[in-house]
Amino acid sequence: MQEMPHNDSEEKAGRRHFLKSAIGTTVLLAGTGTVLSTFSALRKGRYPVAGHRPGLGILRPPGALVEAEFMAACIRCTRCAEACDMNCIQYFGPEAGSLQGTPYIDPVDKPCDMCLACGEACPTGALEVLTKKEDIHMGTAVVDERLCVSINGTGICGACFTACPLRGKAITQTLHNAPEVHSEYCTGCGLCESFCIVDDREGLRAIQVHTSLKEVLS
Amino acid sequence: MKIEIHKLQILRRTVQITVILMMLLVPAIARYANSVAADDIDSQMKSWEGSFQGNTLAGIDTVFRALPNGEMTRPGLDTPERDHQGVINYSRAFHGGPWSAELFGLSMTDPLGAAESIVARKHVAKVVLISLIIPILLTALFGRIFCSWICPMGLLLEITDKFRKVLKFLEIKTYNVRFTRGTKFALLVVGLISSAILSVPILGYVYPPAIISRELHDLIFTLFDRAEAKLLGFTFVGLTWMSLILLGIILFEVVISRRWWCRYVCPGGALYILLGIKRPVRIKLLESKCTHCVDCVVACPMGLNPMNNQMGAECDNCGACISSCHDDALKYSVGLGTATQTEEESDTMAATR
């Protein structure tokens with residue numbers, strides 16, 4: 001026994017509704033798929049920096065206020081990174097918590113060129129405007145006597161002395177080209193660290209810029 | 001009159017699109033300046049030829065060299081060379097995005113960012129005040145035009161607004177939940193107080209123009225970083241999960257509540273409203289012409305009612321109601337406070353604008 005056919009127009013309306021919701025669902029699924037596939041390819045920000053330079057402090061661009069005040073004044077606008085002549089300024093990604101978007105310099109990757117453009121670019125005064133390279137005190141280079149080849153007697157180097165933009169003032173040499181840092185002149189630009197020939201198993205250089213000393217010295 | 005308003009709308013859309021394009025272009029210009037300063041530009045343009053990065057650099061290079069002082073001829077050489085200092089000076093004219101920008105030496109900062117920096121540091125620096133002059137002046141005159149002319153999120157939400165119509169056509173139910181407009185002021189106050197207590201500006205992490213600024217900077221810088229590591233071509237890997245906040249705002253807008261972020265939540269919009277509360281440029285209704293068709297009410301992206309002739313500070317002067325009006329009943333007017341004007345007066349005033 002065959003069932004009676006339904007009302008024709010009712011069936012048509014139902015079919016139209018089904019078609020429309022099918023199209024809608026397809027569009028929504030395709031959209032979600034595209035978005036998800038795009039975002040699954042994302043890595044965590046530009047720099048993997050959560051544990052950046054442990055124990056050495058964060059190396060802020062020239063003219064930065066003391067760390068706590070800098071964190072308060074900086075509005076994370078990336079203008080200093082865009083102003084930087086040599087693209088030395090990088091900044092923290094979202095996984096760095098409240099540090100996110102604040103600028104730093106990684107001297108091993110790209111040491112500061114001391115062009116001083118960042119201070120002029122800063123809209124909030126978190127980086128103060130400096131006019132002389134001698135006024136910069138981002139940090140202080142500290143020699144690791146255990147690692148330095150000129151000091152521990154495994155060789156004669158002098159790379160840091162040659163790299164230093166204030167050589168003869170910030171870094172002087174003693175026996176076997178052993179470097180001696182004069183913190184009153186050292187700007188903390190990191191050129192010595194980037195040129196240091198020592199690169200031990202933990203990625204440590206024999207001369208490193210410490211920023212934790214900044215507050216003590218200023 | 002009608003044509004002028006349409007021209008204004010076209011101009012507004014052009015400015016919005018230009019802002020987004022500039023946000024993509026400014027980081028690329030910064031990397032171009034880096035390449036020129038390091039004297040790598042010619043080798044990079046050659047080795048990256050044909051890729052996104054190479055084309056971008058070549059495009060910027062062509063434009064900057066065509067400008068005055070972009071090229072120089074050395075004695076003994078026939079072909080003009082790139083004037084390094086010249087093109088670097090042009091690159092230096094653009095920094096930042098809608099969150100904080102420097103255009104041709106004029107520093108401008110979003111009042112929200114400046115306010116946060118001031119309350120978090122508990123000290124007013126001179127540079128902050130200088131960079132506030134232009135935004136505050138414009139807002140005091142025209143109201144929250146940042147929202148309608150500059151904010152990249154505003155443009156994105158205007159586009160997704162169209163998507164709501166597609167969903168409606170597909171008979172997918174969308175909602176338009178209304179929240180209280182006081183939310184944004186509460187968020188502004190709570191955010192500023194928390195910034196002061198934590199000594200960290202925190203509203204910049206949820207404010208869409210700031211997020212988009214950072215994300216696009218990341219996107220472009222990562223592309224050039226990858227190019228330096230011989231990975232050419234365009235990808236989205238520079239974006240971080242902060243983009244998901246934007247995506248969330250957009251999805252909520254499409255399905256649940258129209259323009260909810262701008263209407264109810266945006267702390268920056270709240271600050272612009274407060275700054276523009278006494279603005280002289282307002283939208284006025286000529287009641288004699290109004291036929292009460294409610295077209296303007298439907299058109300208003302901020303969910304206001306232009307028909308009651310009391311457009312408060314919430315109005316962002318976008319002019320959507322004016323272009324939707326078929327009876328020429330709505331006009332921009334210049335005047336202080338709630339001073340009433342005759343029709344002729346407001347006609348002439350609108351004509352001069």
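Here the structure is a predicted model, which means the values were calculated and not measured. Numbered from 1 within each chain, the chains take letters A, B, ... in sequence-line order.
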Determine whether more than 12 heavy atoms belonging to other residues, nucleotides or ligands lie under 6.0 Å from atom OH of Tyr205(B). yes
Check: Arg31(B) and Asn87(A) side chains under 4.5 Å, non-hydrogen atoms: yes
At a heavy-atom separation under 4.5 Å, does Phe224(B) approach chain A through its side chain, its backbone, both, or neither? neither
Calculate, to the nearest 0.5 Å, the distance between atoms CD and NE2 belonging to Glu69(A) and His123(B) respectively. 7.0 Å
Side chain, backbone, both or neither of Cys74(A) within contact of chain B (heavy atoms, under 4.5 Å): backbone
Spacing of CD1 belonging to Ile75(A) relative to OG belonging to Ser195(B), to within rounding of 0.5 Å: 11.5 Å
CD/Glu116(B) to OG1/Thr124(A) distance, rounded to the nearest 0.5 angstrom? 11.5 Å
Quick one: pull up CG in Asp110(B) and SG in Cys77(A) and give me the separation to the nearest 0.5 Å. 11.0 Å
May I ask you to name which of Ala210(B), Ser213(B), Ala120(B), Ser100(B) has the most heavy-atom pairs under 4.5 Å with chain A? Ser100(B)
Nearest heavy-atom pair of Ala30(B) and Glu82(A): which atoms, and what distance? CB-O, 3.4 Å
Run Gln100(A) and Met242(B) through side chain to side chain contact (heavy atoms under 4.5 Å, CB included) and show every step you take. CA-CA 11 Å; Gln100(A) 184 204 347; Met242(B) 291 296 275; 3.6 Å; yes
Proximity of residues 82-95 of chain B to chain A, residues having a non-hydrogen atom under 4.5 angstrom: Arg92(B), His95(B)
Closest heavy-atom pair, Ser98(A) versus Val200(B), reported as atoms and distance to 0.1 Å, is CB-CG1, 4.3 Å
Run the side chain to side chain contact (heavy atoms under 4.5 Å, CB included) test on Leu65(A) and Arg121(B) for me, step by step, so that the C-alpha distance in whole Å, both residues' side-chain angles and the decisive distance to 0.1 Å come before the verdict. CA-CA 11 Å; Leu65(A) 305 168; Arg121(B) 194 182 166 192; 3.5 Å; yes
Checking Ser131(B) against chain A: side chain, backbone, both or neither under 4.5 Å from a heavy atom? side chain
Top residue by heavy-atom pair count (under 4.5 Å) with chain A, among Ala101(B), Ser35(B), Ala38(B), Ala196(B)? Ala101(B)
Is there a donor-acceptor pair under 3.5 Å between the side chain of Arg214(B) and the backbone N or O of Thr78(A)? no
Applying a strict 4.5 Å limit to non-hydrogen atoms, the region of Cys80(A) in contact with chain B is neither
Are Tyr91(A) and His217(B) side-chain neighbours, meaning at least one heavy-atom pair lies under 4.5 Å? yes
Just checking, any donor-acceptor pair under 3.5 angstrom between side chains of Ser107(B) and Arg79(A)? yes
From Arg76(A) CZ over to Ile202(B) CD1, what is the distance, rounded to the nearest 0.5 angstrom? 10.5 Å
When rounded to the nearest 0.5 Å, the distance separating CZ of Phe169(B) from CD1 of Ile23(A) is 7.5 Å
Using a 6.0 Å cut-off, check whether atom NZ of Lys168(B) has over 12 heavy atoms from anything other than its own residue. no
